Structure formats: structure tokens, C-alpha cells
Amino acid sequence: MQLHPRHFGRNLRENLVSKLMKDVEGTCSGRHGFVVAITGIENIGKGLIRDGTGFVTFPVKYQCVVFRPFKGEILEAAVTMVNKMGFFAEAGPVQIFVSNHLIPDDMEFQSGDMPNYTTSDGSVKIQKDCEVRLKIIGTGVDATEILCIGTIKDDFLGVINDPTTA
Amino acid sequence: MINLPHCLMLSWRSVLLLIMIILIVKGVKTDKLEDPGGLNICKHPASFGQMCILCGESLDEESGVTFGYIHKGLRLGNDEIVRLRSKNLLQNKKLYLVLDLDHTLLNSIELMHLTTEEEYLKGQSDDDISNGSLFKLDFMHRMTKLRPFVRTFLEEASKMFEMYIYTMGDSAYALEMAKLLDPEGNYFSGRVISRDDGTRRHEKSLDVVLGQESAVVILDDTQDVWKKHKDNLIVIKRYHFFASSCRQFGHNCKSDETEVDGVLASVLRVVRRIHHIMFFDGGNLDFGSRDVRQVLNAVRKEVLHGCKIVFSRVFPTSKFQAGRDSSPVEDGRAIRSYLFKRN
């Protein structure tokens, strides 16, 4: 963690911790996933003054809650967009796309004001804002977000809760 | 005799080993034979965030077309695009309508280009997004006036067409205008194409539209940008509201268009006619083989149907007399021979 000399003084540690929280929370890396919240500071090492600039670099060891989807994991997600290619859902900061190749064949796309996927008897409907249980089949990390590919073609996957019939 | 079993055991082992080797080799061979059958190979039809949407593998090929306007990170392969296009909307009797923004559905101007006489408009802007027509967008330093009749036009057209916005502005501008035209997101959600999504600079093309070319009608005020799709295009009269926009094109406008007789009202009649012919006329053709371009051509030909064209003061009447007896073809021939003789 790099700190400008203006922050030195009595509140050095607080400044360091707040800067850490501001910079790290909400970012994601491929290895650890999405940092949701920092839970504790384990250790702050000795600061090293950088040549020429006066900034000081502190090695900080901290604990945090991370969120990382894994391949094969079953997640619940809320549907955000439905179109003829499939639907997009999000589970927290993770964006998941389920292609219509991986939606059961008995569900057909219906276009209109509220595009949705419905079974032939109309009993199950996937539309915006409904909850879906899906399985992750691939994950990828972008600069600030995690993108996943999911499927609902297996057993016990699909709509959990339909807001319209609730 | 005692030696025999020992020898046999050894040989059993070697036989077993041989059998195992043979099986393994066979197994490898059969695997190799099965692969070309394509049972386990994924064709990677499309990618999301650089992962195949079917098998999840990470891909870094650059084939296909990016469809960032639908969702960030989405890219479709050419086969998938063809497959999606053939999943047509013709079964629910809808065609596709691609609409331009500037000078077609609205007129935008930067605040600094407002003339002194137009300054009063700043105070007249509407706050109600669903009903207003003049909007002041401070964060974009712009004012926008929606073309008269546009809301009715969109509502009526949405019953017959799945609509897209395709503009040469950037995507922030395009999305903001879409919000003004369609506050509830019924007409254009996920279908706002801007210049950031086009595949070629300064050119618009239907390659980013997920509909067959034989079912797309385009409405634009410029035809130069649609180099490859002029047959699908209906060129509409440019809409000017702000004075400097008018002057940019060399006109001097005084008043706004009227609602009832305005350009959008007549365009609505034309597209309604096209839709009617595509789906309700000429019952022999099945929907699959109908082409909106041919229908457009037919409708264009109807425009001057039954009219007589009079070339007054163009050709001297001493040379020809268009009498009741002569046919238009003969008159045409006579005119042509006159013209060529003069040259």
C-alpha cells in the first residue's frame, strides 16, 4: 500500500487502513476473486521510502471476505435480461450468461414487452427479476468484474421463485 | 512337470501383458477414430467474456462479430448469427425496423450552438419524460427536440416491428436518447446500436442486427451511410428544429412540422402498408420466401400509379401533340427521337 507523506503523523495507521479499504474492496483478481469486505488487518510491515518521490510503501497483511465462483458450482442468481440468445443473470458482483443452448429444449423464447422463456404448458417462466438456480461451467475475470457461463440444463436447476405467481 | 507350471506362469504374465498392451493400443486407436465424429468437440458458437458459452473453455480467437450493445463482453460466431437470424419473428407477424436518431426521430444541438433568439427554449424544456418533446440535458450540454408524432409512431410501429436504434453518435448519447423516446424500455431495450458497435467507420450495416436482411426496413435521413443496404432503406425528410441545425444543411426554417400531416405520419402509413402486404396480401407465397425489399419496391412503384406526368414547357408542343390516340409509349419514343436529333 503506497501512502503520500501528507498522511503521516498520528493517524498514519488509520489512513493506511482506510486507503486500503477504498482501493481494495470492490476489486477482483483471477486468483482470489472479488473482494467483498476487509475483515481485519493482520500485520503492517515497515514502510519503505521510494527513491525520488517520497511516497512510502507498506506491506499490509489483511484478511477479507472474497467471492469467487468455481466451475461446477451451483449458484442462485437473479435474471437481469432475457433475449433470444439466452438470459443474463447476476449473483452479487458476478455476471452470468446462460445461452439458450443450455436451456432445456422444452422452453421456448417468447418476445414481447417482457421477453421470457416458457415451457409449452406455461407452467415455468424465466423472465426478468426471477430467481434461477444455475450451474457454472466457466469463469473469466475482466478488469473489475467476473463473468461466468452457466447452464440450467441439468436436474434440479431452473426457476426457484417466480415474482409474478408469488 | 514342476518346471512347466513355472514356465506357464511366466508366459501367462507375458500373455496378460501382451493382451493389456493390445487393449490399450486399441483403446487409443478407437479414441482417435471417434474424435472426428465430433461427439465431444465444442464448436464454440459464441463467447462471453472470452469464454465459450457452451463449454466454458476460454477462447482468444477473433472471429465473429462483437455484440457489445446487447451486453458487454458478448461476441457471436458467424454460424450462431445465422442460426439466430433464422429464428425469425415472422411467426408472430413482426418485421424489423432500424431507426436513425438525428434528423429522423429527433434533432439535437449543443447548448453553445443555440442562437440568441433560441435562448428562451432553455426555460421551456419539459421535465416529464413520458410526454414532453423538448429536453435539456445539462450533463451532455445538449438540447433535444423530438419530432412531432414520434411517440404515436413508435407505439404503432412496435405492434408491427421489432425496433432497433442505429445512430452514428456514441453509445452514451444513444442510450440517453433511447431513454427519452422509450422511458419504459418497451421498444428498444437491448437494441440500441451506436457507432461504437458498428464494424466499419462512417458506415452502417445490418451485420450487427439479429434479423434476416429480407425482413429489415431501415428509416434514415441519409442514404450514403447505408452503402450495402440501400434496398432496405426508406429515406426520410430531414427534421430540423434548431436554427443552426437547419443552416448546417443550407435551409431556413420557420416553423415546426405538424403532427397530423407530418413526415412521420406518412412514413407510418407506408410501413403499415409494407407490413400489410408482407403478411396479409398475396396468399400464395409462404412467409419464408417473402422479401421486404421486393415489397418496398412494389410500394414505391405504386406511388405514381394512375398519375399522368406532364412535361409542361419542357418540350415544344409544335413538335409533338399528345393526342388521345397516341399512347404514352409512342409519345415517349417521339420525345426520345427528338432529344437525340437535337444532340
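The structure presented is a predicted model; accordingly, all values stated were derived computationally and were not measured. Note on naming: letters A, B, ... go to the chains in the order of the sequence lines (proteins, then strands), and numbering restarts at 1 for each one.
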I'd like to know whether [atom1] of [X] has more than 12 heavy-atom contacts from other residues, nucleotides or ligands below 6.0 angstrom.
X	atom1	value
A:F156	CZ	no
A:I49	CD1	no
A:D51	CG	no
B:D196	CG	yes

>> Taking side chain as everything from C-beta outward and backbone as N, CA, C, O, which of these in B:E80 sits under 4.5 Å from a heavy atom of chain A? Side chain, backbone, both or neither.
In response: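 Interface part for B:E80: side chain.
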> Based on non-hydrogen pairs under 4.5 Å, which of A:T80, A:I146, A:N100, A:T151 is most in contact with chain B?
Replying inline: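 The option with the most such pairs is A:N100.
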> Would you say A:K84's side chain and B:L210's backbone share a donor-acceptor pair under 3.5 angstrom?
Replying inline: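 Looks like yes, one N/O pair under 3.5 Å.
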>> Going by the rule side-chain contact (heavy atoms from CB on, under 4.5 Å), which residues pair with A:K22 if we only count those two or more places apart in sequence or in a different chain?
In response: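 Residues passing side-chain contact (heavy atoms from CB on, under 4.5 Å) with A:K22: none at all.
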>> Are there residues of residues 1-14 of chain A whose heavy atoms fall under 4.5 Å of chain B's heavy atoms? If so, which?
In response: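 The stretch does not come within 4.5 Å of chain B.
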Closest approach of [X] and [Y], non-hydrogen atoms and distance?
X	Y	value
B:G49	A:L147	CA-CD1, 3.4 Å
B:I70	A:M85	CD1-CE, 3.5 Å
A:I137	B:L54	CD1-O, 3.4 Å
A:I149	B:C52	CG1-O, 3.6 Å

> Quick one: SG on B:C55 to NE2 on A:H101, what's the gap to the nearest 0.5 Å?
Replying inline: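 Those atoms lie 11.5 Å apart.
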>> Shorter than 4.5 Å, heavy atoms on both sides: which option in B:R83, B:K72, B:E57, B:E184 has the most such pairs with chain A?
In response: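 Highest number of pairs under 4.5 Å: B:R83.
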> Using 30° and 60° as the class limits, which term best fits the ring planes of A:F88 and B:F48: parallel, tilted or perpendicular?
Replying inline: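 A:F88 vs B:F48 ring planes: perpendicular.
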>> Pair A:Q95, B:H71 - check side-chain contact (heavy atoms from CB on, under 4.5 Å), show working.
In response: CA-CA 10 Å; A:Q95 298 278 332; B:H71 198 283; 3.4 Å; yes
